Structure formats: structure tokens, C-alpha cells
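Please read the structure below before turning to the comments.
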Number of protein chains: 2
Amino acid sequence: MSEEHVFAPLVERWTQRFQLDDADCAAIRSLPHSERLLERDSYVVREGEASNNCCLLLSGFAYRHKLVRAGARQILSLHVSGEFVDLQNCLLGTADHNVQTLSRATVAFVPQAALLALAAARPAVGRAMWHDTMIDSSIFREWVVNVGRRDSVTRIAHLLCEIAVRLGAAGLAQDQSFILPLTQEQLADATGLTSVHTNRVLQALRRDGLISLSTRSLKVLDWHRLRELGDFNARYLHLETPRELSPA
Amino acid sequence: MSEEHVFAPLVERWTQRFQLDDADCAAIRSLPHSERLLERDSYVVREGEASNNCCLLLSGFAYRHKLVRAGARQILSLHVSGEFVDLQNCLLGTADHNVQTLSRATVAFVPQAALLALAAARPAVGRAMWHDTMIDSSIFREWVVNVGRRDSVTRIAHLLCEIAVRLGAAGLAQDQSFILPLTQEQLADATGLTSVHTNRVLQALRRDGLISLSTRSLKVLDWHRLRELGDFNARYLHLETPRELSPA
DNA sequence: CGTATTGTTGAGCGTAGTCAAAGTTAGTGG
DNA sequence: CCACTAACTTTGACTACGCTCAACAATACG
């Protein structure tokens with residue numbers, strides 16, 4: 001991956017949604033950064049650490065999670081390539097959660113100070129960054145609802161819907177088929193269930209002809225019914241272009 | 001409440017944490033706004049609505065929530081006076097959740113465009129706003145953990161700890177006592193439990209001498225044990241001066 | 001003072017958890 | 001390329017935490 005293309009997907013995504021001018025784009029492209037290849041399960045951020053760098057995911061998948069005293073893990077969100085994975089920790093001094101790769105991944109670490117300086121110098125870019133973090137926030141809210149008020153089948157179906165839509169939007173799905181980057185244990189940790197129960201729910205979804213799933217490869221066979229079953233409404237993903245707001 | 005003091009608590013809070021100069025503060029104070037008194041249970045934002053105003057809570061309490069198809073409600077967060085209650089919806093065009101008052105409240109509605117213009121014109125203020133929303137985000141993450149991976153007693157204890165610390169930080173608690181602005185049904189909706197079970201857990205906490213609670217008035221009797229029981233660590237609140245209820 | 005809201009109690013049930021073991025797939029090194 | 005191992009998935013039997021339903025008590029409030 002050549003240096004000058006590192007930020008290309010990011011610039012493309014942002015220019016589609018926000019009015020970034022050439023200077024904005026150039027400023028993004030000239031951000032200092034160091035590119036790295038991370039093995040699966042590598043920690044990108046550890047809870048309690050001071051964070052000096054922000055991590056942009058160039059390829060692969062990542063997730064956030066937290067541990068409770070009893071030792072259980074709760075996965076907080078999933079991330080696909082093209083996303084900044086810890087703008088969150090960037091603004092708040094110390095990380096309050098862990099970020100880890102789900103797969104082998106390439107990332108670019110960008111010094112926090114450079115990002116904040118860019119946000120201050122180029123308000124349109126700052127707003128794009130803020131906007132991205134607000135979408136993350138919306139997804140957290142939906143996850144609170146998912147683990148708080150939905151039964152196990154609905155919960156799993158909802159999560160699969162979210163993954164299907166987000167991978168689709170990122171161009172990582174064809175014909176309702178995609179690589180599910182999570183083990184059943186990770187699906188369980190994302191939904192607040194046990195891996196045993198998650199396994200049984202997945203079998204039920206297969207039995208009912210909603211999905212086919214084998215070794216990390218998932219195909220949605222009946223999107224309408226899965227969406228219905230999962231009580232899924234994509235609004236919270238805010239995939240549409242945001243309304244244009246011009247400074248007064 | 002006189003016009004020029006509407007933003008005073010906000011300016012004070014932000015200047016304590018960020019380096020805002022006089023021009024920044026003046027710009028905040030001169031934000032256009034309309035002040036209103038809202039009765040208890042008033043909607044501030046409704047899911048699906050386009051939002052044109054941001055709501056700053058001047059007094060009273062508010063909460064965010066979402067409904068699932070089955071009709072259950074999940075409370076997503078609580079808000080105390082001095083906080084912007086929907087900077088979230090401000091950046092994203094349409095609201096993805098409801099915001100409602102928990103008590104009679106006074107609020108100031110600020111036009112969204114003015115806020116975004118301010119954020120762009122005065123980067124330090126923009127960063128303060130972004131920072132506030134990132135703390136909300138951190139709290140959402142902790143709530144995902146709370147409802148996803150903690151048992152009922154731990155969950156309720158954790159929520160009570162959060163409320164105690166946040167009300168303490170806002171100067172709304174004295175001597176480990178404060179007004180608990182939630183009914184048991186609302187506590188249940190915040191923790192993903194039923195009101196019946198919440199009632200039983202509260203009784204257990206009273207029986208064990210951790211809290212005393214009667215008609216909306218809660219006193220923490222044993223902060224150390226409650227904190228322990230609730231698996232509570234205030235880091236996620238990112239209070240600069242974590243003013244925890246100290247054991248005398 | 002009457003009514004609505006909120007809190008409390010009991011009995012029975014069901015969803016999801018626990019524990020343990022076997023089966024399957026993927027990854028690694030010989 | 002195969003053998004071996006670790007990781008992941010599946011199954012069964014049993015358990016328990018928290019839910020449901022329903023009635024009643026206490027409190028707030030107009």
C-alpha cells in the first residue's frame with residue numbers, strides 16, 4: 001500500500017458526505033502517520049492507557065470491548081476498514097476500554113495532536129470527525145437497547161442485520177453474502193449471551209431458513225424476515241448523507 | 001433567571017476543563033436561545049424528528065430512551081442541569097431516540113446552526129462540545145456493559161453509584177444524600193430489568209445496609225461496599241476532579 | 001378526600017446459564 | 001503433505017435468575 005493512498009478511502013467517504021474543499025482534503029492526506037500490519041487479536045488500545053495516537057483501520061476488522069470484575073467480556077462495537085477506531089480515546093485522555101483486531105489488519109497510527117490540530121484548523125474536517133464519532137455513539141445506544149430489552153433470538157438477528165448492512169455499505173458483501181468476522185463466542189460477547197446459547201440461536205435461524213452460515217461465511221437467505229425478526233431499523237446507522245448545514 | 005446567566009454554568013464548567021479565552025466565552029454567552037419551562041414527562045426530542053434546536057438543561061433532570069417493537073422501553077442515559085441534552089441529534093439530521101424530562105425542568109433551546117457555526121468559528125468551543133459528547137459516548141459504553149454482563153444486583157448498584165457520583169459532581173448531593181429522580185419502573189428501564197425485580201433488589205440493598213431509600217430520596221450508607229458490589233469505577237465518567245462520595 | 005401513581009408481595013414459570021464432553025475445523029510444524 | 005494440536009462448534013442434562021401475572025398497600029396530589 002503506497003503512502004499517498006493511505007487516507008484515500010477516508011477522504012472519499014468524507015467528501016461524499018461533507019463539503020470538504022481541496023485544502024481540507026490535502027490537509028488530511030498530509031497527516032503524519034505510521035502504517036503497520038497487525039496480527040489477529042492484537043491490542044490497538046488498552047483500557048487505562050494514555051492515548052497518543054489514533055488508529056485508522058486500513059484493512060481488516062476490529063472491535064472494542066470491556067471486562068467486568070467477574071471476568072466476563074462485553075463487546076461494545078465492531079469496526080470495518082476505513083473507520084477511525086479510537087477517535088473516542090483521542091479526545092479523552094485515558095482509554096476507558098480496549099480495542100483489539102478481529103482479523104489480521106493494516107492500520108495507520110496518526111498522532112493525536114496532529115488530528116486535533118487539523119480539526120481546529122479546518123472546521124469542515126473537524127465536523128466530519130465529530131460526525132463519525134456521533135454515529136458510533138448512536139450505535140452504542142442501539143446496543144444498549146439490544147442487550148437490555150430484546151430476547152436472545154431478536155438480539156442475534158439484530159446484530160446480524162447490523163453487520164450485513166455495514167459490510168454492505170463498505171462494499172464487503174456481495175449478493176447478501178459476506179465474511180462474518182466473529183466467532184460464536186464473540187457474537188455471544190457482543191449480545192450479552194453465552195456462546196452455548198448463541199450456538200442454539202444460530203441453529204434456529206438456519207433451521208428457519210433465514211441464514212446460512214458455515215465457517216465465518218454468512219449468507220442472508222431472507223432479508224425481510226431477518227430484519228423483521230431482529231426488530232431492525234437502519235436509521236441508527238445514519239448512512240444517508242447528513243443534511244447540509246451552512247455557517248450563519 | 002436573567003438572560004445573561006443562562007449560559008453561566010456551562011461557561012464555568014467548560015473554562016475549568018478547557019482553555020477558553022474571553023472571546024470564546026463571550027461567543028457562548030451571546031448564543032441565540034429561547035428559554036422554556038417544561039413539565040415533567042415533556043418530550044424534548046422525538047425519535048424520527050428532524051432536529052433544529054439543541055436543548056441545554058438549566059434545571060431539573062432528563063433522560064434518553066428508545067422503544068422496541070415489543071413495546072418495552074430502554075433508558076439510555078440520564079442528564080442533569082448544565083448539560084446539553086442533544087448535541088447528539090444536532091449533528092445527525094434526524095433523532096434516533098427520544099429525550100424526555102424526568103422532572104419539571106427549565107431548558108434553553110439553541111438553534112443548531114448557531115451552535116455549529118460557533119464550533120467552526122471558535123475551535124476551542126467546538127472541542128469542548130465534542131468532548132462533552134464523547135463523555136456521553138463513554139457512558140453509553142459502560143451501560144452496554146452494565147446491561148450486557150452484570151447480574152441484577154450489580155447492575156442496580158452500579159447505576160446508583162453513577163447517579164451518586166454525577167449528582168455529587170453537579171453539586172446536587174449533600175452528605176451522600178440526594179434526590180433520586182427516577183421511579184423504580186424507570187430504574188428498571190435503565191437496567192434492562194422489570195420493576196418487580198428492581199424492587200426486590202432495592203430491598204436487598206436496604207436490608208444489607210448499603211442504602212436507605214424512601215420516596216425519591218436516596219442516601220448511600222456504605223459507599224465503599226456499594227461501589228464494590230456495583231463493580232463501579234468512575235473512570236468512564238471522565239470527571240477531571242473525580243469527586244466521589246468520600247467516607248468522611 | 002378520592003383517585004392515580006408508585007411501591008410491595010407471593011406463587012409459578014421460562015429463558016438463558018452452567019457444566020461437561022464430544023465433534024469439527026483450521027493452523028502449524030515435522 | 002500429513003499429523004498433530006489448538007481453537008471453535010455442537011450436544012445433552014440440569015439449574016437458576018429474573019419474568020409474569022395478579023392482587024394489595026402506600027404515597028402523592030389535585
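Model, not experiment: these values are computed from the prediction. Every chain is numbered from 1 and lettered A, B, ... according to where its sequence line falls, protein lines coming before strand lines.
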Check: First and last nucleotide of DNA chain D in contact with chain A, 5' to 3', at under 4.0 Å to a heavy atom: what are they?
Finding: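 Reading along DNA chain D, I get dC8(D) to dA13(D).
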Notebook entry, point to check: Around atom CZ of Arg36(B), are there more than 12 heavy atoms of other residues, nucleotides or ligands at under 6.0 Å?
Noted result: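 For Arg36(B), atom CZ is not crowded (no more than 12 foreign heavy atoms under 6.0 Å).
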Item checked: Partner residues of Gln176(A) under the side chain to side chain contact (heavy atoms under 4.5 Å, CB included) criterion, sequence neighbours left out ->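 Scan of Gln176(A) (side chain to side chain contact (heavy atoms under 4.5 Å, CB included), adjacent residues dropped) gives Val220(A), Trp223(A).
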Check: Taking only residues two or more places apart in sequence, or in another chain, which ones meet Ile179(B) in a side chain to side chain contact (heavy atoms under 4.5 Å, CB included)?
Finding: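 Scan of Ile179(B) (side chain to side chain contact (heavy atoms under 4.5 Å, CB included), adjacent residues dropped) gives none.
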Check: Is Gln112(B) reaching over with its side chain to a backbone N or O of Cys54(B), donor-acceptor style, under 3.5 angstrom?
Finding: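 Flag not set: sc Gln112(B) to bb Cys54(B) has no pair under 3.5 Å.
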Notebook entry, point to check: Is it true that Asp86(A) and Arg64(A) have a side-chain N and a carboxylate O under 4.0 angstrom from each other?
Noted result: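 No salt bridge links Asp86(A) with Arg64(A).
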Margin query: For residues 192-213 of chain A, which residue pairs pass the salt bridge (Lys or Arg N to Asp or Glu O under 4.0 Å) check, not counting sequence neighbours?
Written below: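 Of all non-adjacent pairs touching residues 192-213 of chain A, none passes salt bridge (Lys or Arg N to Asp or Glu O under 4.0 Å).
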Check: Using the C1' atoms of five pairs at each end, what's the angle between the two axes of the helix from dC1(C)-dG30(D) to dG30(C)-dC1(D), to 10 degrees?
Finding: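 About 60° separates the two local helix axes.
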Pair up each side-chain donor or acceptor in residues 42-49 of chain B with any protein partner under 3.5 Å, not counting sequence neighbours, and list the distances.
unit_1: Ser42(B); atom_1: OG; unit_2: Glu39(B); atom_2: N; d: 3.2
unit_1: Ser42(B); atom_1: OG; unit_2: Glu39(B); atom_2: O; d: 2.5
unit_1: Glu49(B); atom_1: OE1; unit_2: Arg46(B); atom_2: N; d: 3.4

Check: What residues in residues 146-159 of chain B put a non-hydrogen atom under 4.0 Å from any atom of DNA chain C?
Finding: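 Residues of residues 146-159 of chain B that come under 4.0 Å of DNA chain C do not exist, since none gets that close.
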Next item on the list: Report the distance from atom CG of Leu92(A) to atom CG of Leu237(B), rounding to the nearest 0.5 Å.
Entry: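 Answer for the CG-CG pair, Leu92(A) versus Leu237(B), is 11.0 Å.
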Next item on the list: Identify, with sequence neighbours excluded, every residue that meets side chain to side chain donor-acceptor pair (under 3.5 Å) alongside Glu142(B).
Entry: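 Counting only residues at least two positions away or on another chain, Glu142(B) forms a side chain to side chain donor-acceptor pair (under 3.5 Å) with Lys66(A), Arg150(B), His158(B).
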Next item on the list: If a pair satisfies side-chain hydrogen bond (donor to acceptor under 3.5 Å, both in side chains) and one of its residues is in residues 178-197 of chain A, list it, with sequence neighbours excluded.
Entry: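 Found Arg73(A)-Asp189(A), Ser152(A)-His197(A), Thr183(A)-Gln186(A), Gln184(A)-Asn199(A), Asp189(A)-Arg149(B).
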Next item on the list: Taking atom types as modelled, find out whether Thr106(A) and Ser59(A) have a side-chain donor-acceptor pair closer than 3.5 angstrom.
Entry: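 Yes, a side-chain donor-acceptor pair sits under 3.5 Å.
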Kindly give the atom pairs (protein nitrogen or oxygen, nucleotide nitrogen or oxygen) under 3.5 Å for nucleotides 7-12 of chain C.
unit_1: dG7(C); atom_1: OP2; unit_2: Gln184(B); atom_2: N; d: 2.7
unit_1: dT8(C); atom_1: OP1; unit_2: Arg206(B); atom_2: NH2; d: 3.4
unit_1: dT8(C); atom_1: OP2; unit_2: Gln184(B); atom_2: NE2; d: 2.8
unit_1: dT8(C); atom_1: OP2; unit_2: Asn199(B); atom_2: ND2; d: 2.5
unit_1: dT8(C); atom_1: OP2; unit_2: Arg206(B); atom_2: NH2; d: 3.3
unit_1: dT8(C); atom_1: O5'; unit_2: Asn199(B); atom_2: ND2; d: 3.2
unit_1: dT9(C); atom_1: OP2; unit_2: Gln203(B); atom_2: OE1; d: 2.3
unit_1: dT9(C); atom_1: OP2; unit_2: Gln203(B); atom_2: NE2; d: 2.9
unit_1: dG10(C); atom_1: N7; unit_2: Arg200(B); atom_2: NH2; d: 2.4
unit_1: dG10(C); atom_1: O6; unit_2: Arg200(B); atom_2: NH2; d: 3.3

Margin query: Which residues pass the salt bridge (charged side-chain N to carboxylate O under 4.0 Å, His left out) test with Arg216(B), not counting sequence neighbours?
Written below: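 Here no residue qualifies.
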Margin query: I'd like to check the ring pair (Phe, Tyr, Trp, His ring centres under 6.0 Å) partners of His65(A); sequence neighbours left out, ordered by chain and number.
Written below: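 His65(A) satisfies ring pair (Phe, Tyr, Trp, His ring centres under 6.0 Å) with Tyr63(A) once adjacent residues are dropped.
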Next item on the list: Give one of base, sugar-phosphate or nothing for Arg40(B), where a contact means two heavy atoms less than 4.0 Å apart.
Entry: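 Arg40(B): backbone/sugar contact only, no base atoms under 4.0 Å.
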Check: In whole angstroms, how far is the P atom of dT5(C) from the CG atom of Asp41(B)?
Finding: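 My rounded result for the distance is 10 Å.
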